[in-house]
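Accompanying notes for the structure given below.
No experiment lies behind these values; they were computed from the predicted model shown. Residue numbers start from 1 in every chain, and the chains themselves are labelled A, B, ... in the order their sequence lines are given, proteins ahead of strands.
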2 protein chains.
Amino acid sequence: MTATTVHQPTHREALWELEDAFERGDLITIFGRCTVEYDGRAASSLDPGRRLLILKPDGTALVHTDENQKPVNWQPPGSEHHAAVRDGRLRVRSVRSSPDETLDVRFETVEQLSAMAVSGRRDLSVTGSEADLRNALLDRPALIEPGFEPLATERPTDAGPIDLFGRDSDGRPVVVELKRRRVGPSAASQLQRYVAAIEREEGDAAAVRGILVAPSVTDRARRLLAEHGLEFVAVEPPSDGSVAVSTATDNDADVVDDDTDDDTAASSTAESAGEGSN
Amino acid sequence: MTATTVHQPTHREALWELEDAFERGDLITIFGRCTVEYDGRAASSLDPGRRLLILKPDGTALVHTDENQKPVNWQPPGSEHHAAVRDGRLRVRSVRSSPDETLDVRFETVEQLSAMAVSGRRDLSVTGSEADLRNALLDRPALIEPGFEPLATERPTDAGPIDLFGRDSDGRPVVVELKRRRVGPSAASQLQRYVAAIEREEGDAAAVRGILVAPSVTDRARRLLAEHGLEFVAVEPPSDGSVAVSTATDNDADVVDDDTDDDTAASSTAESAGEGSN
DNA sequence: CGTGCCAGGTGCCAT
DNA sequence: ATGGCACTTGGCACG
């Protein structure tokens, strides 16, 4: 059997199962009414309630409730799980150092405890990342601007690594910052820092161009770009590895002034076909 | 019984249990060998492996593996779970719109399926947030600087809301940006944007001061602050609601040059004694 | 709904 | 370890 489960065990029975599961390196789920105390980078406290505790063999601990994607409390990988019965009740404590953090789960009742052998995520391939966007643009640099010549990716500077560095048809240095989604002010500032760094390097101020490449940009970010003489080129978010300029942004000046912010989603999700059988 | 579990059910049995659990609004865990396909803001694919699928009544879906705190695949709250048996195999599909996203989990084998009634997180109180830091500083403004007078929090500007706005003993406007932990370049840029916004408002450039308040700052951020004539005040992260200046930062010039980056953790969690009561 | 920002962010990879 | 940054970031609060 690959999954062992005990229902409404005594706290001591639960402890036995827990220790066995620790031994086997299983992933463990405990469901029951409990309180949760956390102290570390911050501190929090949870009143009694019925929750799901997940303990991973890598030291991760997760306390999940009814709702929300994120656990209400947790402990990162690398922590050490300890279990004990105090006052006749199961207590699971997950501790780590640097930073010093403690998660304490005290069970009033244990409804169910399961242990299962879970396999690690071996091959997860994600497409649509910023790296994919970069590769697509390296294949077709003209999407950024006709005549743009890429020279380096992740080019190191005083202010950090530049996503894509190159030169335009006039030989001017161009700093390109890539974002896979609509960007706000922080991205504009980031680009500005890189441009300033290159300007310091080259010693020739005002000759360095900065281009923000993203699906779209907020108003504030657009204004920020304008203030610093930076440019914006709209590309659709990379879906299958290919990219496309969303609209013909006539980008020759230092600031774009068109308003390409509607995301033509397409969205032909017509899968209303019967997947019933219920 | 508050938790129903079936072991190694047929796929059709699993489907029945699933539908009942959906009906009851239970939190559901399914453990088995499966493949996972995701398509939406990005796209990903997972080869067959033994994983734990969690379905929440609020529409959240989580695929957890052996390791890591974050699920290897997921669907945010608000999605709709659909289950069906195709080709004799259980398939769980979680769909949401805006953005259009689909998570597809196909089980080769279902080892275990559990459903439990979990209560929502009612009262979670976290201390040590940035808001706590702000309140502590409002109580003792002199921690920022002797004579500093707070005037507003979350003061709106052209560039966004300022954490803490006030005036110094000379009547000069002061923009304060708070961070609960060690900060990098982005925080410096953020402060710079706010200072520039206030300078535009006041019309009197160079008269506006900007102070970054955080436990510590990286070298690059420090340099950025210096470039823009911004200041830094070190405070220990708020632990129990109180704050303390980490070291006597003689901050009268525009840039501090001391190096306060050691975090005296303290951490006196000595509760090995019998903590009886309830 | 979008905009902006904090978060116990997490995770990845570089020095 | 620290630093810098992307992330299907998630979550909240506000206009």
Side-chain angles (χ1 to χ4, degrees), chain A residues 38-44 60 67-78 96 98-103 124 126-134 154 156-157 159-163 177-187 190 193-194 216-221 237 261-263, chain B residues 38-44 60-61 67-79 96 98-103 124 126-134 154 156-157 159-163 177-187 190 193-194 216-221 237-239 261:
Chain A
Y38 157 73
D39 191 29
R41 287 170 289 178
S44 74
T60 303
E67 47 189 13
N68 268 343
Q69 170 174 350
K70 293 187 62 172
V72 64
N73 275 118
W74 68 91
Q75 200 66 274
R96 77 157 172 168
S98 72
D100 261 313
E101 288 189 304
T102 305
L103 181 73
L124 173 67
V126 186
T127 66
S129 63
E130 182 186 293
D132 286 325
L133 175 59
R134 166 168 51 78
E154 304 297 325
T157 72
I162 293 179
D163 280 345
E177 174 64 27
L178 305 176
K179 292 298 174 193
R180 67 179 305 282
R181 63 174 197 175
R182 182 172 174 89
V183 298
S186 63
Q190 193 181 355
R193 294 201 300 270
Y194 296 156
S216 61
V217 63
T218 66
D219 280 348
R220 272 222 259 264
D261 53 331
D262 52 340
D263 42 337
Chain B
Y38 158 73
D39 191 27
R41 289 170 287 179
S44 73
T60 304
E67 47 188 14
N68 267 344
Q69 170 175 349
K70 292 188 60 173
V72 63
N73 276 118
W74 69 91
Q75 198 68 272
S79 310
R96 77 157 173 169
S98 74
D100 261 315
E101 287 189 305
T102 304
L103 182 71
L124 172 67
V126 185
T127 67
S129 63
E130 184 187 291
D132 288 324
L133 174 59
R134 165 169 52 76
E154 304 298 324
T157 71
I162 294 179
D163 281 344
E177 173 64 27
L178 305 176
K179 291 298 173 192
R180 66 179 306 283
R181 61 171 201 173
R182 184 174 175 86
V183 298
S186 62
Q190 192 180 357
R193 294 200 300 270
Y194 296 154
S216 61
V217 63
T218 66
D219 280 348
R220 270 220 259 263
S239 56
D261 53 325

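Distance CG (Asp163(B)) to P (dA7(C)): 9 Å, rounded to an integer number of Å. Look at CG on Leu178(A): it is 12 Å from C1' on dA6(D), rounded to the nearest Å. Straight-line distance from the CZ atom of Arg134(A) to the C1' atom of dC13(C): 13 Å, rounded to whole Å.
Taking atom C1' in both dG8(C) and dC14(D), the straight-line distance is 24 Å, to the nearest Å. Across dT8(D) and dG4(D), the matching P atoms stand 23 Å from one another, rounded to whole Å.
Among residues two or more places apart in sequence or in another chain, the side-chain contact (heavy atoms from CB on, under 4.5 Å) test is passed with Ala159(A) by Thr157(A), Arg193(A), Tyr194(A), Ala197(A). By the side-chain contact (heavy atoms from CB on, under 4.5 Å) test, Pro76(B) is found to be paired with Gln69(A), Arg41(B), Trp74(B), Ser79(B), Arg96(B), Glu101(B), residues two or more places apart in sequence or in another chain being considered.
Side-chain contact between Glu67(B) and Thr60(A) is absent, with no heavy-atom pair separated by less than 4.5 Å.
Taking side-chain N and O atoms only, Arg220(B) has no distance below 4.0 Å to OP1 or OP2 of dG3(D). Distances shorter than 4.0 Å separate none of the side-chain N or O atoms of Tyr194(B) from OP1 or OP2 on dG4(C). Residue Thr218(B) places at least one side-chain N or O closer than 4.0 Å to OP1 or OP2 of dG4(D).
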- [ ] Go along nucleotides 7-15 of chain D 5' to 3' and tag each nucleotide: B for a protein heavy atom under 4.0 Å from its base, S when only backbone or sugar atoms are that close, - otherwise.
- [x] SBBSSS---

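A donor-acceptor distance shorter than 3.5 angstrom exists from the side chain of Arg180(B) to the backbone of Gly128(B), with no hydrogens or angles considered.
Expressed to the nearest 0.5 Å, how far CG of Asp163(A) lies from CD of Glu154(A) amounts to 5.5 Å.
Glu154(B) comes within 4.0 angstrom of no nucleic acid atom, judged by non-hydrogen atoms across all strands.
Residue order along DNA chain C, read from the 5' end via each residue's closest nucleotide, puts Ser98(B) first among Ala159(B) and Ser98(B).
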